[in-house]
2 protein chains.
Amino acid sequence: MSEGIDGRRGDGRPAAGGYDATDEHRFLAGYDPNAFAPAAVTVDVVALTIRDGLPHVLLGRRARHPQRGRWALPGGFVRARDSAAGPADPDLPDAALRVLTEKTPLPAEIHLEQLGTYGAIDRDPRMRVISVAYMVLAPDLPDPRTGRDTAEAAWVPWTALGYGEGADTGHELAFDHTRVLGDAVERARSKLEYTALATAFLPPAFTITELRGVYEAVWGRTLHAANFHRKILATPGFVEDTGELADRGGSGGGRRARLYRAGGAALLHPPLLRGTQ
Amino acid sequence: MSEGIDGRRGDGRPAAGGYDATDEHRFLAGYDPNAFAPAAVTVDVVALTIRDGLPHVLLGRRARHPQRGRWALPGGFVRARDSAAGPADPDLPDAALRVLTEKTPLPAEIHLEQLGTYGAIDRDPRMRVISVAYMVLAPDLPDPRTGRDTAEAAWVPWTALGYGEGADTGHELAFDHTRVLGDAVERARSKLEYTALATAFLPPAFTITELRGVYEAVWGRTLHAANFHRKILATPGFVEDTGELADRGGSGGGRRARLYRAGGAALLHPPLLRGTQ
DNA sequence: AAGAGAAAAACTCACCATGAGAACAACTGG
DNA sequence: CCAGTTGTTCTCATGGTGAGTTTTTCTCTT
């Protein structure tokens with residue numbers, strides 16, 4: 001590394017072996033893409049929402065082989081080129097949104113983030129399948145519709161999948177989706193601590209109590225209401241006041257809550273730690 | 001979702017469309033893997049180490065097309081099946097370690113974690129290439145060796161790539177590797193806050209001052225030595241005392257520092273925030 | 001209309017973690 | 001022995017936190 005990162009020597013001319021676009025063009029003309037296409041790429045989506053104070057995940061029962069009849073995350077092959085099924089996916093997030101909209105209509109603003117990629121050689125019996133997993137957080141969505149590859153689709157509370165209090169033993173999902181879902185749960189729990197992600201589960205206007213409900217649902221524990229209130233308002237940029245009040249102060253009476261919207265901050269300073277309280 | 005997640009009804013028998021292994025076997029016998037292999041999968045590795053108080057990243061200059069002559073992260077195709085080049089990669093981390101050992105010998109214990117996957121349709125001119133990026137943190141490693149696809153390889157300080165103080169304008173790497181490196185830098189900076197990851201940059205026994213050096217190098221700022229010392233020792237499981245002292249107390253004299261080893265904790269409670277101090 | 005009950009929001013207080021600086025301890029080289 | 005350097009401990013003011021109480025504002029009942 002005596003000549004520096006840019007591949008130029010002291011005289012300012014490209015070093016031997018420097019980048020040459022014309023030569024590259026000739027190379028590409030004779031390249032055979034099929035020589036290096038030994039794997040299929042899919043996207044799988046962990047869509048999370050909160051219903052009745054409990055996190056739910058979107059699952060479908062597989063209508064086709066392999067693993068026909070097992071519950072699975074929504075997913076599908078990434079379209080590398082235009083196919084009979086439709087246009088190519090420009091990028092991986094586009095593919096994730098495409099397979100998700102086959103199951104449920106999506107609101108204008110949702111949170112989509114990449115979880116990780118799973119590629120063990122035997123995770124799919126057909127061939128080597130590399131699966132890029134995405135996590136979607138959304139406010140309460142309508143019941144899903146069934147699709148071409150799905151016999152049945154539903155929002156399933158994650159207590160039925162081995163998470164949260166009163167958890168079941170954990171049902172087995174297709175492929176390695178149990179592990180993918182577990183990674184999503186841990187990611188969601190952890191990101192609530194140091195990001196403003198909780199608002200992604202709520203409609204545009206919400207109360208502090210509803211926000212606390214998100215934390216309690218995802219973390220599976222109760223929080224001190226007064227301290228939570230103080231902490232949220234003390235964290236700059238987390239929420240901002242809309243100046244309006246919620247319609248009713250609860251079923252059995254009570255003061256009407258103030259309505260807030262999500263603030264501009266993505267990261268929380270200081271974070272909301274689940275450790276102690 | 002009236003019948004529960006496991007696909008059984010009240011009578012305990014599988015519901016219509018339940019999982020059927022025998023039928024699936026027949027399906028797989030007639031499956032053509034090439035029908036769904038429209039993309040190539042590669043791994044790219046962001047290997048970080050600290051030299052002379054500055055983070056360095058391992059780069060190689062490409063000896064082949066495409067992007068011949070440009071600096072790039074170590075990487076290569078995932079081997080889906082045994083090839084002329086060698087045995088198949090059982091999982092993606094195996095592939096990441098394989099491409100890395102082509103450049104440098106690795107110590108027994110390194111930190112390897114997945115960064116993310118990049119799959120924009122035009123990120124490689126040959127064909128659709130999905131790249132799974134990994135981040136490796138290691139103690140100071142020897143200078144790299146050149147490989148089959150690499151004309152030249154080197155540890156490059158990340159000030160030469162647009163990060164840290166006195167940063168250059170940022171040189172352009174091959175493909176989208178500038179973005180991948182940027183994501184790695186942000187990931188490393190962030191994970192130092194709430195995990196015990198900093199010890200991955202250090203040898204098995206280290207002093208508190210060396211540990212602080214890791215934080216200062218990665219975050220690009222100085223920290224209050226006394227408060228850092230107190231905080232580290234107050235965080236349970238971060239480090240444990242070896243009972244020994246470092247060889248010398250520095251070049252110009254000074255007290256000999258106590259030696260610590262990494263503790264068992266992976267997560268820090270409470271975290272070390274870079275926000276204020 | 002008055003009062004009970006309920007939910008949201010504000011307040012109080014003891015305690016702990018933090019930032020900043022000073023002081024002390026242990027070592028090297030002249 | 002002394003100056004300089006580095007590692008470690010101590011002090012103190014400040015601010016955030018956990019826990020509980022009080023106040024405000026609403027609904028429902030009588």
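A note on names: the letters A, B, ... follow the listed sequences, proteins ahead of strands, and every chain is numbered from 1. Just so it is clear, the values below take in all heavy atoms, side chains as well, and ignore hydrogens, waters and symmetry mates.
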- prompt: To the nearest Å, how far apart are B:H224 NE2 and D:dT11 P?
  reply: 15 Å

- prompt: To the nearest Å, how far apart are B:L272 CG and C:dG19 C1'?
  reply: 14 Å

For B:L97, side-chain contact (heavy atoms from CB on, under 4.5 Å) partners two or more places apart: B:L106, B:I110, B:L112

message: Expressed as a whole number of angstroms, how long is the span from B:H229:NE2 to C:dA25:P?
response: 15 Å

- prompt: Listed by chain and number, what are the salt bridge (charged side-chain N to carboxylate O under 4.0 Å, His left out) partners of B:E210, not counting sequence neighbours?
  reply: none

Integer-rounded Å distance: D:dG7 C1' and B:L211 CG: 14 Å

Steps toward ring pair (Phe, Tyr, Trp, His ring centres under 6.0 Å) verdict (A:Y215, A:F228): CA-CA 10 Å; A:Y215 277 88; A:F228 184 84; 5.5 Å; yes

Approximate separation, where rounding is to 0.5 Å, of B:K103 NZ and B:R145 CZ: 9.5 Å

- prompt: What is the distance from CZ of B:R212 to P of D:dT8, rounded to the nearest Å?
  reply: 10 Å

query: Around B:E244, counting heavy atoms of other residues, nucleotides and ligands shown, do more than 12 lie under 6.0 Å from its CD?
result: no

Side chain of B:T209 (C-beta onward), nearest among C:dA8, D:dT17, D:dG7: D:dG7

field: Among D:dA19, C:dC27, D:dT9, the one nearest B:R258 by side-chain distance
entry: D:dT9

- prompt: On DNA chain D, nearest-nucleotide positions of A:A234 versus A:L245: which is more 5'?
  reply: A:A234

- prompt: What is the distance from CG of B:L223 to P of D:dT6, rounded to the nearest Å?
  reply: 17 Å

field: Nearest-nucleotide pick for A:P270, side chain only, options being C:dA9, D:dT17, D:dG20
entry: D:dT17

- line: Rounded to whole Å, the NZ-C1' distance (A:K231 to D:dG16) equals 8 Å

- line: Of the listed D:dT8, D:dG16, D:dT24, the closest approach to the B:R255 side chain comes from D:dT8

- prompt: Whole Å only: how far is the CG atom of A:L268 from the P atom of D:dG16?
  reply: 15 Å

query: Choosing from C:dT12, D:dG20, D:dG7, which nucleotide comes nearest the side chain of A:A226?
result: D:dG20

query: B:R230 or A:I208: which one's nearest nucleotide on DNA chain C is closer to the 5' end?
result: A:I208

